[in-house]
Amino acid sequence: MSDDAVATDFVREKIRADNESGKYQSRVQTRFPPEPNGYLHIGHAKSICLNFGIAADFDGICKLRFDDTNPETEDQNFVDGIIEDLTWLGFDPDEVVYASDYFDQLYDWAVSLIERGLAYVDDQDAETISDQRGGFTTPGTNSPFRDRSVEENLTLFAGMRDGQFADGEKVLRAKIDMNHENMQMRDPVLYRIRREHHVRTGTDWIIFPTYDWAHGQSDAIEGVTHSICTLEFDSHRPLYDWCLEQLDLPFEAPEQTEFARLNLTHTVTSKRKLKQLVDDGVVDGWDDPRMPTIRGLRRRGYPASAVRSFMDHIGVAKTNSTHDIELLESFVRTELNATALRRMAVLRPLKVVITNWPEGQTDMREAINNPEDDSAGTRQVPFSGELWIEQDDFKLDPPPKYFRLTLGREVRLRAGYFITANDVVTNADGEVIEVHCTYDPETAGGQAPDGRKVKATIHWVSSETAVDASVNLYERLFTDSHPGSGDTDTFSSLNPNAREVVAAKLEPALGEVAPGEVVQFERLGYFAADLDDPSVFHRTVGLKDEWANIQKRQQNQGKQKGQQQKGQQKKKG
RNA sequence: UGGCCGAUAGUUCAGUUGGUAGAACGCCUGGUUUUGGUCCAGGAGGUCGAAGGUUCGAUCCCUUCUCGGCCAGCCA
């Protein structure tokens with residue numbers, strides 16, 4: 001266990017206490033148990049970091065177990081994808097196992113349950129069983145098949161396995177208590193018949209154990225000590241314990257501990273809803289950079305290490321919580337600030353002509369690759385008399401505190417020269433389509449020999465050597481910070497502008513970026529070259545934008561002033 | 001409606017064996033800076049869900065209440 005990073009959450013606290021009391025011989029084993037019916041999302045990452053993190057902290061082991069007990073929705077692609085995502089996140093399971101590996105054992109244990117009069121075969125359909133379960137304040141009623149003889153149950157259960165009954169015709173139920181205050185204990189279903197092809201067992205089995213019968217038993221088979229799951233399984237814990245108690249294990253049974261799942265603002269972390277986004281074509285797929293899936297984040301350029309530090313930071317508790325997605329982004333920025341190479345790219349190009357630049361001449365300017373990391377070195381960037389700059393970096397009528405380019409003002413071109421804007425060319429609509437500037441040859445390298453200062457440094461790309469690229473700019477997937485909260489429909493706040501594709505001009509070095517590499521477009525943000533087509537970039541996250549805050553404040557002040565004036569007018573009237 | 005779980009800065013979490021509270025992110029101010037980035041320094045922001053009780057003293061212990069989440073699948 002690492003001494004310095006003493007993570008103190010209630011789960012680790014409990015494990016420490018268990019270890020001190022000698023429970024499980026102070027052994028620690030966890031597991032990450034996804035169902036292979038979808039890809040992993042950021043919520044799973046929390047569970048992964050917790051389970052694998054605990055194993056690492058306590059010198060224990062953590063296996064990846066596929067909870068493949070329901071053949072209906074499960075798929076090999078998801079199995080492969082989950083392993084891939086887990087690996088990318090930086091975790092290496094001690095073993096990859098499957099609940100279906102234990103079908104024989106689970107069956108034998110069910111038989112033993114029947115033999116001891118603790119389970120029975122019920123002939124009723126799902127609806128009837130549901131009706132008989134009763135309500136929160138009303139007791140359930142016993143099934144008419146509850147008191148079948150052991151022999152009959154044994155025969156029927158074998159018949160279920162051997163295909164003598166149709167799907168849904170019979171189930172195996174635990175015989176516990178139809179009056180139990182916990183609904184989970186009212187004779188839960190342990191086995192159902194389902195003639196579906198199973199990813200691993202094919203057609204060998206047509207009866208499948210339910211989660212409740214499979215999960216704790218699988219934990220026990222593997223020697224799991226601490227079975228960590230999310231809050232919604234809280235009410236299953238008595239059943240988890242009951243199932244284990246019937247086994248007469250020669251060792252201490254695993255114990256379930258529940259923690260609060262991760263929610264993030266402006267997105268959803270529910271497999272069902274993510275699937276709907278994919279199925280409805282709202283996004284391009286599970287790996288769309290707008291998706292909070294692991295593959296989505298990867299394509300978007302989130303470093304796995306940033307995801308991990310985020311998880312470390314938010315901790316583990318039982319409080320239902322929704323984390324601000326900005327917090328995640330701040331970890332992404334911190335990581336990328338230290339590692340990403342700086343490059344220049346112009347997203348919304350505006351032409352600049354340097355009128356006093358020697359006709360046809362191209363200069364090579366030296367630019368720093370990463371001011372945070374000297375070892376990243378420098379590169380040469382071509383400079384000429386015709387450049388692209390950002391439309392936002394020139395204003396004919398500059399608002400207060402705007403200190404970028406405007407007529408008559410001098411600014412610095414990053415790694416280039418000081419330029420002064422003298423004139424503009426406008427189109428028929430009066431929009432500026434070209435800015436004419438002069439440069440000061442004395443300012444090569446970015447400093448004026450006479451010591452005069454400029455307030456702004458702007459980025460640029462020389463037009464003749466510019467590389468064209470399509471850049472995807474992403475906004476929040478949902479405009480509502482808590483989609484679906486209250487009575488609102490989750491998808492009603494879907495942001496139709498969550499992706500904007502822009503035709504950008506890049507400096508030549510950006511034509512040689514490796515797939516998946518993340519660079520900083522100076523002054524704009526971090527951008528990831530697409531995994532399949534590196535001429536396409538995805539905005540991972542923008543830089544912090546002080547200018548945007550200034551503008552916001554100015555707007556608010558304007559509003560307040562307007563309101564004050566309105567108020568005064570009212571008083572007068 | 002019954003049971004279980006939860007409630008501490010804007011947000012998410014720490015914490016106090018009972019002596020009125022900290023961090024991170026966000027926000028604000030200043031400094032540095034060839035990124036309005038980074039970095040550095042500082043600041044604002046909390047009646048610790050509410051009301052009672054025990055106590056010299058309660059955010060912490062007790063009771064009641066309020067609000068939120070979960071549970072009545074042959075999903076997990």
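Below, all heavy atoms of this structure are taken into account, side chains as well, without hydrogens, waters or symmetry copies. Everything quoted here is computed from the prediction, not taken from an experiment. Each chain gets a letter, A, B and so on, in the order its sequence line appears, and its residues count up from 1.
- Among B:U38, B:U35, B:C71, the nucleotide with an atom closest to any side-chain atom of A:M183 is B:C71.
- When each of B:G6, B:A76, B:U35 is scored by its nearest atom to the side-chain atoms of A:T319, the top-ranked nucleotide is B:G6.
- For A:E35, whose side chain is taken as the heavy atoms from C-beta onward, the closest listed nucleotide among B:G37, B:A72, B:C75 is B:C75.
- Remark: P of B:C70 and CZ of A:F259 are 16 Å apart, rounded to the nearest angstrom.
- Residues satisfying the ring pair (Phe, Tyr, Trp, His ring centres under 6.0 Å) criterion with A:F233, sequence neighbours excluded, are A:Y211, A:H236.
- Proximity of A:T69 to the phosphate of B:A76: a side-chain N or O atom is located under 4.0 Å from OP1 or OP2.
- Comparing B:U64 with B:A9, their P atoms sit 25 Å apart, to the nearest whole Å.
- Nearest-nucleotide assignment on RNA chain B puts the 5′-proximal partner with A:T137, out of A:H313 and A:T137.
- Ion pairing between A:R379 and A:E507 holds under the 4.0 Å rule for side-chain N and carboxylate O.
- Using a 4.0 Å heavy-atom criterion, one finds that A:Y402 contacts the bases of the nucleic acid, with or without backbone contacts as well.
- Here, B:C28 and B:U54 have their C1' atoms 44 Å apart, quoted to the whole Å.
- Across all strands shown, A:V316 has heavy atoms under 4.0 Å from sugar-phosphate atoms exclusively, and none from any base.
- A:T257 and A:K14 form no side-chain donor-acceptor contact under 3.5 Å, judged by distance and modelled atom types alone.
- Between the side chains of A:Q124 and A:D122, at least one donor N or O sits under 3.5 Å from an acceptor N or O.
- Closest approach to the A:A126 side chain among B:C71, B:G3, B:C74 is made by B:C74 (side chain taken as heavy atoms from C-beta onward).
- Side-chain atoms of A:R133 lie closest to B:A72 of the nucleotides B:A72, B:U12, B:A76.
- Look at the C1' atom in both B:C60 and B:U55: the space between them is 13 Å, to the nearest Å.
- Shown here, B:G73 is classed syn by the O4'-C1'-N9-C4 or O4'-C1'-N1-C2 angle, which is within 90° of 0.
- Under the 3.5 Å distance criterion, with hydrogens and angles disregarded, a donor-acceptor pair is assigned to the side chains of A:R31 and A:H215.
- Residue contacts shown for A:T138 are absent, as no nucleic acid heavy atom lies under 4.0 Å away.
- Among B:C71, B:G37, B:C75, the nucleotide with an atom closest to any side-chain atom of A:R192 is B:C75.
- Counting any heavy atom pair closer than 4.0 Å across all strands shown, A:Q124 reaches a base atom.
- Taking the side chain to side chain contact (heavy atoms under 4.5 Å, CB included) definition, one finds that A:T457 meets it with A:R412, A:R414, sequence neighbours left out.
- B:A58 sits 14 Å from B:A51 when the C1' atoms are compared, rounded to a whole Å.
- With B:C75, B:G37, B:G36 as the candidates, the nucleotide lying closest to the side chain of A:P371 is B:G37.
- Residues that satisfy the salt bridge (Lys or Arg N to Asp or Glu O under 4.0 Å) test with A:E72, not counting sequence neighbours, are A:R194.
- Nearest to the side-chain atoms of A:Q184 among the listed nucleotides B:G36, B:G37, B:C71 stands B:C71.
- With sequence neighbours excluded, the residues satisfying side chain to side chain contact (heavy atoms under 4.5 Å, CB included) with A:A448 are A:F418, A:T443, A:D450, A:R452.
- Residue contacts for A:A415: at a heavy-atom cut-off of 4.0 Å it reaches a base atom on one of the strands shown.
- Checked against ring pair (Phe, Tyr, Trp, His ring centres under 6.0 Å), A:Y98 has the following partners two or more places apart in sequence or in another chain: A:F66.
- Side-chain proximity of A:L327 to B:G73, B:A24, B:U35: nearest is B:A24.
- Within the nucleic acid shown, A:N182 has no heavy atom closer than 4.0 Å to any nucleic acid atom.
- Ring stacking is absent between A:Y211 and B:C75, as the pair misses the limits of under 5.5 Å between centres and under 30 degrees between planes.
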Nucleotides 27-30 of chain B: which of its N/O atoms have a protein N/O under 3.5 Å away?
{"unit_1": "B:C27", "atom_1": "OP1", "unit_2": "A:N549", "atom_2": "ND2", "d": "3.1"}
{"unit_1": "B:C28", "atom_1": "OP1", "unit_2": "A:R553", "atom_2": "NE", "d": "2.8"}
{"unit_1": "B:C28", "atom_1": "OP1", "unit_2": "A:R553", "atom_2": "NH2", "d": "2.8"}

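- Using a 4.0 Å heavy-atom cutoff across all strands shown, A:R173 reaches no nucleic acid atom at all.
- Closest contact between the side chain of A:I129 and the listed nucleotides B:C74, B:G2, B:G26 involves B:C74.
- Note on A:S130: only backbone sugar-phosphate atoms sit closer than 4.0 angstrom, heavy atoms only; bases stay farther off.
- Checked against the 6.0 Å centroid threshold, A:F527 and A:F537 do not count as a close aromatic pair.
- A stem is defined here as three or more consecutive Watson-Crick or G-U pairs, each with both distances under 3.5 Å; for RNA chain B these stems are B:2-7 with B:66-71, B:10-13 with B:22-25, B:27-31 with B:39-43, B:49-53 with B:61-65.
- Residue A:S321 places at least one side-chain N or O closer than 4.0 Å to OP1 or OP2 of B:C13.
- A:F157 is listed as a side-chain neighbour of A:I207, based on a closest heavy-atom distance under 4.5 Å.
- Nucleotides B:G2 and B:A72 are separated by 11 Å at their C1' atoms, to the nearest Å.
- Below the 3.5 angstrom threshold, one finds a donor paired with an acceptor across the side chain of A:E372 and the base of B:G37.
- For the P atoms, the distance from B:C13 to B:G57 is 34 Å, rounded to whole Å.
- By the ring pair (Phe, Tyr, Trp, His ring centres under 6.0 Å) test, A:H198 pairs with A:F103, A:F208, sequence neighbours left out.
- Separation of the C1' atoms belonging to B:U8 and B:A24 is 15 Å when rounded to the nearest angstrom.
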Steps toward side chain to side chain contact (heavy atoms under 4.5 Å, CB included) verdict (A:E366, A:Q380): CA-CA 5 Å; A:E366 183 176 57; A:Q380 298 295 118; 3.7 Å; yes
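- A:Q520 comes within 4.0 angstrom of a base, heavy atoms only.
- Distance check on atom P: B:C65 versus B:C5 gives 16 Å, rounded to whole Å.
- Looking at heavy-atom distances under 4.0 Å, A:G315 makes no contact with the nucleic acid at all.
- Remark: A:E232, A:F233, A:D234, A:S235, A:H236 in residues 230-239 of chain A come within less than 4.0 Å of RNA chain B through at least one heavy atom.
- Remark: the A:R333 side chain and the B:U38 base include no donor-acceptor N/O pair separated by less than 3.5 Å.
- Across all strands, A:F403 comes closer than 4.0 Å to base atoms (heavy-atom distances).
- Taking the ring pair (Phe, Tyr, Trp, His ring centres under 6.0 Å) definition, one finds that A:W388 meets it with nothing, sequence neighbours left out.
- With sequence neighbours excluded, the residues satisfying side chain to side chain contact (heavy atoms under 4.5 Å, CB included) with A:S330 are A:L327.
- Identified under the salt bridge (charged side-chain N to carboxylate O under 4.0 Å, His left out) test for residues 320-334 of chain A, with sequence neighbours left out: A:E329-A:R476.
- The residue among A:K453 and A:D212 whose nearest nucleotide of RNA chain B is located toward the 5' end is A:K453.
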